[in-house]
Amino acid sequence: MSKLLRKPNNQEIAQGVTLVHDVTSENSSLEYVGFKIIDLAPGVTYTEELGKQECCIVAVTGKINVSDRDVTYENIGTRKSVFEKQPTDSVYVSNDHIFDVEAVSGARVALCYSPSEKQLPTRLISASENGVEQRGTGNNKRMVHNILPDSDPSANSLLVVEVFTESGNWSSYPPHKHDQDNLPQESFLEETYYHEMNPPQGFVFQRVYTDDRSLDETMTVENGNVVIVPVGYHPVGVPEGYTSYYLNVMAGPKRIWKFHNDPDHEWILKR
Ligand SMILES: O=C(O)C[C@@H](O)[C@H](O)C(=O)CO
């Protein structure tokens with residue numbers, strides 16, 4: 001099994017709280033990005049003390065209340081399935097806070113982390129604030145929900161987006177990378193991909209590779225899997241009949257998404 005591909009772990013860590021994924025700097029090669037998926041049964045509360053990390057709490061599905069013990073946002077979350085293709089609500093909580101996530105209905109919640117020292121205000125990022133972008137042409141069309149783009153100064157390091165790629169299409173394509181801290185040409189951002197497919201028996205292919213091919217892995221990614229992108233290009237191809245959803249978390253030393261296209265494939269943009 002690839003070191004970059006994570007299957008759901010589904011560990012019940014408390015009654016009604018299932019830790020589906022847990023990517024940390026201890027169990028991966030990532031330094032800047034941490035990622036969890038938790039499933040909560042209705043009425044159950046998950047609590048976490050952040051320490052020196054900031055967190056973007058994304059209501060992937062279901063309704064939740066989120067509190068940093070100072071401010072509380074109630075009944076947030078907009079969809080039963082990501083494939084309703086509606087943006088959802090999220091909450092940014094800065095380092096050194098304790099937060100509670102209480103499930104109003106059964107809920108799947110993504111917790112996106114990055115190391116952080118400087119406190120910023122807790123903030124509701126409402127669904128209506130998500131910039132919805134249609135990118136690409138032909139079989140490269142995809143739709144993006146910008147939850148925490150680099151134009152939004154709410155976070156110190158985190159960048160968070162959702163991407164929907166229709167049947168037979170490609171995204172993160174032509175292949176691009178962001179693994180050099182060399183602005184203004186390119187930024188260094190690690191990344192995680194949390195994938196879902198509709199219908200759920202579907203799969204996508206994701207390749208992660210570097211110019212020198214010291215890393216070159218092509219993964220068959222199934223519903224609920226996470227792909228870790230420490231470096232390299234990371235295109236996604238979606239087979240006919242299936243729609244792909246993924247939630248991207250990116251972070252690095254500078255909060256700028258400046259990518260570099262693979263020169264071998266950049267011509268695709270110029271057709
Ligand atoms: O435009 C896309 O296809 C989405 C990707 O850019 C994705 O968010 C990513 O690769 C980030 O580096």
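Positions are given from 1 along the sequence. Order of appearance sets the numbers: ligands from 1, and atoms from 1 within every ligand.
Between F35 and Y194, the ring planes lie tilted relative to each other; the angle falls in the 30° to 60° range.
Side chain to side chain, N95 and S116 meet the donor-acceptor criterion of an N or O pair below 3.5 Å. Side chain to side chain, D89 and S126 fail the donor-acceptor criterion of an N or O pair below 3.5 Å. Side-chain N/O atoms of Y73 and T122 include no donor and acceptor closer than 3.5 Å.
Between H178 and F259, a ring centre-to-centre spacing not shorter than 6.0 Å is recorded.
The pair E186-K177 meets the salt-bridge criterion, since a charged nitrogen lies less than 4.0 angstrom from a carboxylate oxygen.
Listed as neighbours of ligand 1 are R135, R142, V161, V163, S171, S172, H176, H178, E191, Y193, H234, Y246, N248, M250, W257, each bearing a heavy atom under 4.0 Å from the ligand.
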